[in-house]
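Structure, as structure tokens:
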Amino acid sequence: MEINPNSSLPKFNKSSAKKSVGSARQAGATGKTNAGIQKAASLSALQEELKAMPEERPERIVEGRLLKDDPEYPNRQDMRQLGKLVIDSEKENEEADE
């Protein structure tokens with residue numbers, strides 16, 4: 001490799017460098033702002049959907065009342081499965097703490 005001390009290098013221009021840095025910062029800020037706007041818009045859409053849903057669902061209320069009066073609900077098998085899930089979850093938590 002040969003180095004020539006007399007070669008002409010491009011001159012450094014502070015003002016153009018500042019403009020480039022400023023543009024990059026502005027682009028980053030705009031990206032964040034756009035993401036924030038999109039997030040807010042999707043949140044607003046979700047809130048509107050929730051407002052449109054009925055607060056009470058009569059069919060689920062009837063189902064709950066029927067199950068409340070059913071002596072076989074929840075059945076033994078469902079309760080055993082639920083108990084097993086709880087115990088397994090507790091064991092996993094204990095192992096993770098060790």
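These values consider heavy atoms only, across backbone and side chains, with no hydrogens, waters or symmetry-generated copies.
Taken from CD1 in I87 to CG in L82, the straight-line distance is 10.0 Å, to the nearest 0.5 Å. For the atom pair NZ (K91) and CD (E95), the distance works out to 8.5 Å, reported to the nearest 0.5 Å.
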Sequence neighbours left out, cut at 3.5 Å: what donor-acceptor pairs do the side chains of residues 61-79 make with other protein atoms?
from: E63; atom 1: OE1; to: R60; atom 2: NH1; distance (Å): 2.8
from: D70; atom 1: OD1; to: E72; atom 2: N; distance (Å): 3.0
from: N75; atom 1: OD1; to: Q77; atom 2: N; distance (Å): 3.2
from: N75; atom 1: OD1; to: D78; atom 2: N; distance (Å): 2.7

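Taking D97 as the reference, nothing meets the side chain to side chain donor-acceptor pair (under 3.5 Å) condition, with sequence neighbours excluded.
Listed by first and then second residue, the side-chain hydrogen bond (donor to acceptor under 3.5 Å, both in side chains) pairs involving residues 42-55 amount to none (not counting sequence neighbours).
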